[in-house]
Protein chains: 2
Amino acid sequence: MQRHREDPLAAVTLRQLRYFSVLSKSLQYRNAARQLGISQPSLSLQINALEEALGTRLAERRRSGLILTPEGREVAAQAEKILQDVEKLQRISGPSENSLTGTLRLGSSPTIGPYLLPRVLRQLHTAYPDLKLVIRDGTPRDMIEDLLAGKHDLVLTQLPIARDDICHKFLFREPLHLAVPREHALAGRDHVKKTDLAGENLISLNSSYMLSRQVSELCAASGARLRDDFEGTSLDALRQMVSLGMGMTLLPALYAGSEVKPGEGDVAITQMKPGLYRQAGLAWRQSSGTPASFLKLAEFIRGVVANEFAGKVYL
Amino acid sequence: MQRHREDPLAAVTLRQLRYFSVLSKSLQYRNAARQLGISQPSLSLQINALEEALGTRLAERRRSGLILTPEGREVAAQAEKILQDVEKLQRISGPSENSLTGTLRLGSSPTIGPYLLPRVLRQLHTAYPDLKLVIRDGTPRDMIEDLLAGKHDLVLTQLPIARDDICHKFLFREPLHLAVPREHALAGRDHVKKTDLAGENLISLNSSYMLSRQVSELCAASGARLRDDFEGTSLDALRQMVSLGMGMTLLPALYAGSEVKPGEGDVAITQMKPGLYRQAGLAWRQSSGTPASFLKLAEFIRGVVANEFAGKVYL
DNA sequence: AAAGAAAGATAGGTTTTTCCTATGCAGCGA
DNA sequence: TCGCTGCATAGGAAAAACCTATCTTTCTTT
């Protein structure tokens, strides 16, 4: 009994497929070899190797033209497909010179993303239809961790980031406004100074969020009291706590602008004077290098912000 | 300005893709190298070569686990697809041990195929759904030519074939019956001897068909006259010429059985005594070797013939 | 029918690629 | 801070691929 199974030692090679592809079109060794820029014996050997690797004869060699076997025809077709896929492979990195393509995994802070990304995504999809963004929310602290663990390519978060293994690009500066219960004395004020807050209760997000630190600092600077018995887990929760009279807090301008109607509801928004701000940025691992796509995305976001939120935030 | 384009000299290799595929799952060089049965430096070099070939960094190397870049993820996915397609490639020849698959190009004689193939194809499709037959008709003479030119893999034709560059497998022996005009004196006879034909007119297909030679021989042996002023181009044409009283002819049993109703029409079918026969067979190029699939197909056809045409033809 | 031409196969030796062992270098944990 | 882990680098050996030259067979030509 002769063995029908091919030797598992010999593996198919792309070179073999490339050669066979040309041969299957030219149907002539010498011709195909010339096209390939190699000698006829080299081609011959590679085709033999392919036949051995596949365990099948692919062509009948005859003086006048060669004839593909039925298997040879199928192999040729499949090889064509494979070679095309390999070309696609080489194009993955290539012509992204002018466009963003592929999939980026973006971590997004719940205090920024929900009020910024919807508009960004809409325009992004129009401008770069081949770009896919996978967005996952998380607290800034978790996101930095996940970024370093490789779960994100980028994170949209608040600056500053004081780590030397993380790069970032500044996106915009966003005012923080004071949110007070509507019945509170400060509710009607045109603006509020820090000293106005002495003795007041301030509430904030939990310490995973950078906003919490800014509230703490405001307390320290103004003599307000930080209520550490309640911690909001979202800006919405914070707003509701304010509306229930549990204290006042700082809310980012984008959130306040989209979720709190002036003159309506139980919460009033008041400007601080001098202004308080937070910065938003796009961050990535130092070890990612600084891919053009990251910078491009950052610029795009800045462009959207400039158009959509002009006057509310500052570039 | 640094060059962004990759060196066209370095081509992607399947080996690189295989290695990268494992690496992208293991996310660890040492581990992946061990899985692959190679040393870690070898893996390292191959991955570097792949990155160079693609002109992109595929992964961030870090001490604790490595992180694929966005391009790396896409390359990994595409590589996976390619590797699967390569496996498919290797399966083209492989497990056809028990089944016929792929596409066979079958040339078919118009005097045999139309009366045999319909039933064969139906059963064939049931038994081997993955087998595709591309069938083209042609005169036996043309078909032999096309077979040698590589336009067919197999031909279904009449035997004998007296060429040493063509192999064949006998399929069945088919009686040739005499077709006479209904008003002819021989029409009512139970059987006819050669000597009964002396002086009669015989008509036949053109000389591309082997049937024509058998008619000629019959003329020579019986003293009948071969009308060479008319040549049928199909069995149907032949039958009609008979019905018009232009002469008599030989018709294969399968054709006569399916196209000429006994006791109806203007043509009567009569047995010859002693019988005349022709042989049908499946033929292929000597240089094709003798693929198992060819023999298998031949056996299958014989099986169908045995079931469907028992008593009409002989195995 | 015999000589010539053409096409693929084979052989021998060289160049290129791949691989392995050994070693270097940088984070990470104790 | 020391050692451990993990990838990168270097150098030499093994394997693969290639080329030139030659052979064999077949198809063509005379």
Side-chain angles (χ1 to χ4, degrees), chain A residues 7 9-20 22-24 26-53 57-69 72 145 148-150 163-166 285-287 289, chain B residues 7 9-20 22-24 26-53 57-69 72 145 148-150 163-166 285-287 289:
Chain A
D7 236 324
L9 301 178
V12 177
T13 301
L14 269 188
R15 170 181 274 129
Q16 293 164 2
L17 298 185
R18 284 190 252 263
Y19 288 5
F20 184 62
V22 171
L23 178 63
S24 71
S26 142
L27 292 180
Q28 199 173 254
Y29 273 73
R30 294 193 114 83
N31 200 340
R34 188 157 37 74
Q35 258 182 270
L36 287 164
I38 61 174
S39 69
Q40 168 265 316
S42 297
L43 176 59
S44 202
L45 291 179
Q46 288 297 322
I47 300 300
N48 287 349
L50 178 59
E51 285 186 333
E52 179 146 354
R57 202 164 46 124
L58 298 173
E60 302 171 21
R61 280 80 158 166
R62 307 192 319 172
R63 316 311 136 190
S64 61
L66 95 188
I67 300 176
L68 295 187
T69 63
E145 196 177 307
L148 288 173
R163 302 192 56 140
D164 59 356
D165 51 359
I166 290 187
R285 287 182 299 280
Q286 168 96 49
S287 60
Chain B
D7 234 323
L9 301 178
V12 177
T13 301
L14 269 187
R15 170 181 275 129
Q16 292 164 4
L17 298 185
R18 283 190 253 264
Y19 287 6
F20 183 61
V22 171
L23 178 63
S24 71
S26 142
L27 292 181
Q28 201 171 229
Y29 274 73
R30 294 192 108 83
N31 200 340
R34 189 157 36 75
Q35 260 183 268
L36 286 164
I38 61 173
S39 70
Q40 168 265 316
S42 297
L43 175 59
S44 202
L45 290 179
Q46 289 296 324
I47 300 300
N48 287 348
L50 179 59
E51 286 186 332
E52 180 146 352
R57 201 164 46 127
L58 298 173
E60 301 172 21
R61 280 79 159 168
R62 306 193 318 174
R63 317 310 135 191
S64 60
L66 98 186
I67 300 176
L68 296 188
T69 64
E145 195 177 308
L148 287 172
R163 301 191 58 139
D164 60 355
D165 52 358
I166 290 187
R285 287 182 299 281
Q286 168 95 50
S287 61

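Each chain gets a letter, A, B and so on, in the order the sequences are listed, and its residues count up from 1. If you're wondering where the values come from, they're calculated on a predicted model, not measured in any experiment.
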**OP:** Compare the minimum distances between each of dC19(C), dC19(D), dT21(C) and the side chain of Ser39(A), then state the nucleotide with the smallest one.
**Re:** dC19(D)
[X] has an atom [atom1]; how far is it from atom [atom2] of [N], in whole Å?
X	N	atom1	atom2	result
Glu60(A)	dT26(D)	CD	C1'	15 Å
Leu45(B)	dT16(C)	CG	C1'	15 Å
Arg34(B)	dG6(D)	CZ	C1'	13 Å
Ile38(B)	dT18(C)	CD1	C1'	10 Å
Ile47(A)	dC18(D)	CD1	C1'	15 Å
Leu14(A)	dA16(D)	CG	P	17 Å
Arg30(B)	dC20(C)	CZ	P	13 Å
Leu50(A)	dA9(C)	CG	P	13 Å

Subject >> 5'-most by nearest nucleotide on DNA chain C - Leu23(A) or Arg15(A) >> reply: Leu23(A)
Subject >> 5' priority, DNA chain C, between Gln46(B) and Gln40(B) [closest heavy atom] >> reply: Gln46(B)
So, OP1 or OP2 of [N]: does either fall under 4.0 Å of a side-chain N or O from [X]?
X	N	result
Arg62(B)	dA26(C)	no
Ser44(B)	dA8(D)	yes
Tyr29(B)	dT9(D)	no
Gln28(A)	dA6(C)	no
Ser42(B)	dC20(C)	yes

Original post:
In Å and rounded to the nearest 0.5 Å, what is the CZ to CG distance from Arg15(A) to Leu17(A)?
Top reply: 11.5 Å
Subject >> Donor-acceptor contact present, side-chain Arg61(A) to main-chain Ala59(A), <3.5 Å >> reply: yes
Original post:
Taking Phe20(B) as the fixed residue, which of Val12(B), Leu43(B), Ile47(B) is the one that meets the side chain to side chain contact (heavy atoms under 4.5 Å, CB included) rule?
Top reply: Ile47(B)
Original post:
Per the side chain to side chain contact (heavy atoms under 4.5 Å, CB included) rule, which among Leu58(B), Leu23(B), Leu45(B) passes with Leu50(B)?
Top reply: Leu58(B)
Original post:
Which part of the nucleic acid, if any, lies within reach of Arg61(A) when heavy atoms closer than 4.0 Å are counted: base, sugar-phosphate only, or nothing?
Top reply: sugar-phosphate
Subject >> Validation row: Asp165(A), Arg285(A) side chains within 4.5 angstrom (heavy atoms) >> reply: no
